[in-house]
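Residue numbers start from 1 in every chain, and the chains themselves are labelled A, B, ... in the order their sequence lines are given, proteins ahead of strands. Please read all numbers here as calculations on a predicted model, not as lab measurements.
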Number of protein chains: 2
Amino acid sequence: MSTTLRPAGETRAGDVLARMRSDIISCALKPGTKLRFETLKEMYEVSFSTLREALSRLVAEGLVVAEGQRGFLVAPVSLFDLNDLTDVRVLIERQCIKLAIERGDDRWEADIMANFHRMDRLQSRLGASYYLSDDWAALHSAFHLSLVVACGSPNLLEFRQKLFERAHRYRRMSSQFRPQWRAKDVEHKMIMDRVIARDTATAQDLIERHIRETTENVIAHASHLFAQGGSGESFKRTDPVAAE
Amino acid sequence: MSTTLRPAGETRAGDVLARMRSDIISCALKPGTKLRFETLKEMYEVSFSTLREALSRLVAEGLVVAEGQRGFLVAPVSLFDLNDLTDVRVLIERQCIKLAIERGDDRWEADIMANFHRMDRLQSRLGASYYLSDDWAALHSAFHLSLVVACGSPNLLEFRQKLFERAHRYRRMSSQFRPQWRAKDVEHKMIMDRVIARDTATAQDLIERHIRETTENVIAHASHLFAQGGSGESFKRTDPVAAE
DNA sequence: TTACTGCGGATTTTCGAAATAATCAAACCT
DNA sequence: AGGTTTGATTATTTCGAAAATCCGCAGTAA
């Protein structure tokens, strides 16, 4: 009926938010880019206020940074940031797994298997280039979430999700250059097995390796894209803390 | 010159944000309250857009929750939330302390002592009711930050700060009913000593006890304010995960 | 009585223009 | 010539009204 048909219950700002997030993660909006309102208004066909709303939320997710009253920037990528992200993810994810194994019930186990199956099936259907599919990425995200959702800690899950999305951008950067990703599917199956077997220590170690190896892969194949050091062109001092 | 004289470099939205945060933490805006724009517009003397900006950011900080297109709510408090908050804080804080002790230099040690001194001096000056002072709370926050700032992890520090502020609201709730807080000042000194002595294990344990005892204190004196369980009046199911 | 439907008031969300602040460059003084 | 101030231009932030949405209630039918 109206010009825009929204999925019902979703705001326009929420829609723009999702599209911008996707564009940032896929690097259609390059790291470090200045986000000008006029440009974005054309791109997403919304007004100032709606953009501002979406931008605010992306700042919270760490995908956009605000520069005082000098506008917004796509969050830069750097080796330092990637390494920090990885270390914190390992800490959080290990704790999530531990608690989930302690607290998870049968329904949780079933849910993990269901999510793995969906991801696995789509992977087969897509063939060699599954890692470029946004649909697969969504199922991959859902699978990893299902592993830890039983930890029962909203705060832990909130932070975990934020970190997962920030890391997703780095994964995308590397998959762009690396036609065949490593045999992640085998790792996924092993992790699932150990989690369901309630083998906490092994499950934690497998997850940690899963995360760290992905990071190493990114560094090996995509670190040349980072704005850091090197030519010193678009170098920005990285405030250690912006504690207000 | 103009009606409002801003501290230069600060936006109006930032100002409203700070005032609302303060009002939520001090419970001038009670947990679970619906935040109506008309009311807030009068209260803070700003327009819709500016409010929306501030609200968005408070959602990110976890002090406000957004309900689809049905507006905003002051984040409810509950025993469950407090316990989860406490557990996650312990995890993060222990890691921060560990890394800070590994990586901190002389300047960091000096900074800790300076911050302790300022907090300690104000405490003496204010006498028995220091725990009700917003100024003291700011110095207390700065002292705890200084202990861990040398960990060098922006992500860890970001999460730590968010958790600290969410917890601050609970602390305020209890201090309202508990005229004399426990001898926190002695604990602070012990923690500082062990951190500067680079005694990682003991420092971690002291911090953990510091956090957990405060939580127990809150539960003992203020849990009757929580909306949870009991009378079952304003009970809300706590979605384990709102993963989108 | 109970469930469904359509109206009216209240509230939130979106819009685009107006006000405010920052940037850049040319002209000015030292 | 080097550095600083001024003024024009661009970009962001704020505003209040208009559009869209939600909620409660009355009226109707089963």
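In this structure, CD of Gln69(B) is placed 19 Å from P of dA19(D), rounded to the nearest angstrom. Per the geometry, CD belonging to Glu67(B) stands 14 Å off C1' belonging to dT11(C), to the nearest Å. Atom CZ of Phe72(B) and atom P of dC22(D) are 15 Å apart (whole Å). Atom pair Leu17(A):CG and dT13(C):P shows a separation of 14 Å (rounding to whole Å applied).
With sequence neighbours excluded, the residues forming a side-chain contact (heavy atoms from CB on, under 4.5 Å) with Ala75(A) are Val65(A), Arg169(A), listed by chain and number. Among residues two or more places apart in sequence or in another chain, the side-chain contact (heavy atoms from CB on, under 4.5 Å) test is passed with Ala60(A) by Ala60(B). Shown here are the side-chain contact (heavy atoms from CB on, under 4.5 Å) partners of Ser47(A), two or more places apart in sequence or in another chain: Ser49(A), Thr50(A). Contacts of Phe143(B) classified as ring pair (Phe, Tyr, Trp, His ring centres under 6.0 Å), with partners at least two apart in sequence or in another chain: Phe116(B), His188(B). Under the salt bridge (Lys or Arg N to Asp or Glu O under 4.0 Å) criterion, Asp134(A) pairs with Arg172(A), sequence neighbours left out. Residues satisfying the salt bridge (Lys or Arg N to Asp or Glu O under 4.0 Å) test with Glu93(B), not counting sequence neighbours, are Arg160(B). Legend: residues meeting side-chain contact (heavy atoms from CB on, under 4.5 Å) with Leu139(B), ordered by chain and number and at least two apart, are Arg118(B), Met119(B), Leu122(B).
In terms of position along DNA chain C, the nucleotide closest to Ala13(A) lies nearer the 5' end than the nucleotide closest to the other residue of the pair Ala13(A) and Arg70(A).
Side-chain proximity of Arg12(B) to dC15(D), dT14(C), dA22(C): nearest is dC15(D).
Taking every heavy atom of residues 45-56 of chain A and every atom of DNA chain C, pairs under 4.0 Å involve Val46(A), Ser47(A), Phe48(A), Ser49(A), Thr50(A), by number. DNA chain D is contacted by Lys34(A), Leu35(A), Arg36(A), Phe37(A) of residues 33-41 of chain A, taking any non-hydrogen atom closer than 4.0 Å.
Taking the six-membered ring for Trp, Phe226(A) and Tyr170(A) have ring centres closer than 6.0 Å.
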